[in-house]
Amino acid sequence: EKELPRLKDVFEDYFKIGAAVNKWTLHSAKDLVTTQFNSITAENEMKPEMLQPKEGEFNFEYSDQLVSFANEHHLGLRGHTLVWHNQCPDWMFKNESGQTVDRGRLLKRMDQHIETVVSRYADQIYSWDVVNEVIADEEDRFLRKSQWLELAGEEFIERAFHTAHKADPNATLFYNDYNESDPIKRDKIYKLVKSLLEKKVPIHGVGMQAHWNIHTPSIEHIQQAIELYASLGLEVQITEMDLSVFSWDDKRTDLMKPTKEMLDLQEKRYEQIFNLFREYKDVISSVTFWGAADDYTWLSNFPVKGRKNWPFLFDEHFNPKQSFWSVVQF
Ligand SMILES: Oc1ccccc1CN[C@@H]1C=C[C@@H](O)[C@H](O)[C@H]1O
């Protein structure tokens, strides 16, 4: 049958186009990923708890598989993520007697994790999400309350970037977060990144996770966020894009497939969003989906456990959805 247009070719003069893969979808979605995309991100296989489950015991089995896959298929590779409050092993914050670890020890452990991981994959990963999600969602709080912040103090943020830069001077280093287009959270992300730049911290970009849906955020809010981050002279990368067919507070579980109305709205949203991304091609260096096709998405367990979602450009049979055509035809 007629060859499909390829996202990586359609956007060749704009930005890299990526997909998150895991140790299963690396095989199940291999053909789609290698034909349509030119960048991948490990959905889970490069997170702290996966790489260093026990102090000093690294497990690179699956991360090495993803790196080999990327090399074999000439795909760029984003590293996700070095410092995060989730999917981080408990041992990191405890000493031998199970008490909370002291500040110096925790920072040393953070450095060792970053040095070991980043130097192993030096020159193979074009961008790292050095720090993920340290900005608070609460309006009246700046930094998220986490064991990292409580035990190490806010210096862990800048220290993580310095350590990563020393381990791989060629990788571009990103601060990554979600709800990044919400004006209040956006301004806090801007404040953090601006303060890092003022301290000459080696940070090169802001990762907008872009876990959006078919209703929000508005194109205006997305544009204002891109403009604000770009005003710092930084790269912007869309790092985890999906368009949930449910708004955040819609907890319905009755659907076995998306309604026509949902698919029409999703198509409109993808078309508008990619028109905006193309307008900012000089600022946006990659656009990565947090998956590849509707056969698998983390959204089928978040925020409602076991509730199927259909967020991507390809359906569960890897066929292009109407949204695909509105994205590739411009
Ligand atoms: O952690 C969150 C909490 C609330 C909303 C969204 C997020 C998004 N968080 C992302 C989503 C999926 C994970 O696989 C990614 O590593 C994480 O960056």
Side-chain angles (χ1 to χ4, degrees), residues 18-26 29 39-52 62-63 66 77-89 92 113-114 117 125 127-139 141 143-149 157 160 173-182 184-186 188-189 192 205-217 221-222 225 236-251 286-294 296-307 309 311-312:
V21 293
N22 58 47
K23 59 186 174 188
W24 299 289
T25 59
L26 187 67
S39 176
I40 58 170
T41 307
E43 184 187 5
N44 291 299
E45 290 70 15
M46 289 196 181
K47 288 173 176 173
E49 72 178 0
M50 308 292 258
L51 290 184
Q52 196 180 175
Y62 298 110
S63 49
L66 264 74
L77 183 59
R78 294 195 79 260
H80 177 81
T81 179
L82 298 170
V83 181
W84 188 28
H85 64 284
N86 271 343
Q87 296 177 265
C88 184
M92 195 72 93
H113 182 77
I114 295 172
V117 173
I125 288 188
S127 296
W128 268 107
D129 290 333
V130 176
V131 172
N132 198 33
E133 307 176 358
V134 294
I135 293 296
D137 284 319
E138 300 80 9
E139 233 176 88
R141 179 181 286 278
L143 295 177
R144 173 190 297 271
K145 209 166 152 44
S146 72
Q147 286 182 288
W148 281 110
L149 183 65
I157 299 170
L173 306 181
F174 280 71
Y175 172 72
N176 193 49
D177 215 329
Y178 65 89
N179 285 357
E180 74 299 308
S181 304
D182 166 78
I184 294 172
K185 192 166 179 183
R186 172 200 74 198
K188 292 193 278 190
I189 292 169
L192 170 69
V206 174
M208 299 173 67
Q209 288 186 11
H211 288 299
W212 299 331
N213 62 62
I214 58 176
H215 306 287
T216 60
H221 280 170
I222 298 169
V236 167
Q237 288 182 357
I238 305 300
T239 55
E240 309 185 14
M241 183 171 196
D242 36 37
L243 288 190
S244 171
V245 297
F246 305 103
S247 52
W248 179 257
D249 48 8
D250 178 351
K251 308 291 185 203
S286 66
V287 174
T288 297
F289 293 90
W290 208 239
D294 288 348
Y296 170 78
T297 167
W298 77 293
L299 293 171
S300 294
N301 282 307
F302 187 89
V304 178
K305 208 141 186 50
R307 192 265 302 269
N309 209 318
F312 298 123

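We number each residue from 1, following the sequence as shown. We count ligands from 1, going down the list as the structure has it; atoms in each ligand are counted the same way.
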Trainee: I'd like the contact residues of ligand 1, where contact means a heavy atom below 4.0 Å.
Mentor: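 Answer by chain and number: Glu43, Lys47, His80, Trp84, Asn132, Glu133, Tyr178, Gln209, His211, Glu240, Trp290, Trp298, Phe302.
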Trainee: Between His221 and Trp212, is the gap from one ring center to the other below 6.0 Å?
Mentor: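 They do not qualify: ring centres at least 6.0 Å apart.
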Trainee: Arg78 and side chain to side chain donor-acceptor pair (under 3.5 Å): which single residue from Thr288, Thr41, Asp129 fits?
Mentor: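 The option that passes is Asp129.
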Trainee: If the test is side chain to side chain donor-acceptor pair (under 3.5 Å), which one of Asn309, Asn213, Thr297 qualifies with Ser244?
Mentor: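 Passing option: Asn309.
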Trainee: On the 0 to 90° scale, with breaks at 30° and 60°, tag the His80-Trp84 ring pair as parallel, tilted or perpendicular.
Mentor: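 Tilted.
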Trainee: Working to the nearest 0.5 Å, report the span between CD of Glu240 and CG of Asn132.
Mentor: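 The CD atom of Glu240 sits 6.0 Å away from the CG atom of Asn132.
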Trainee: Who are the salt bridge (Lys or Arg N to Asp or Glu O under 4.0 Å) partners of Lys23, not counting sequence neighbours?
Mentor: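 Lys23 satisfies salt bridge (Lys or Arg N to Asp or Glu O under 4.0 Å) with no other residue.
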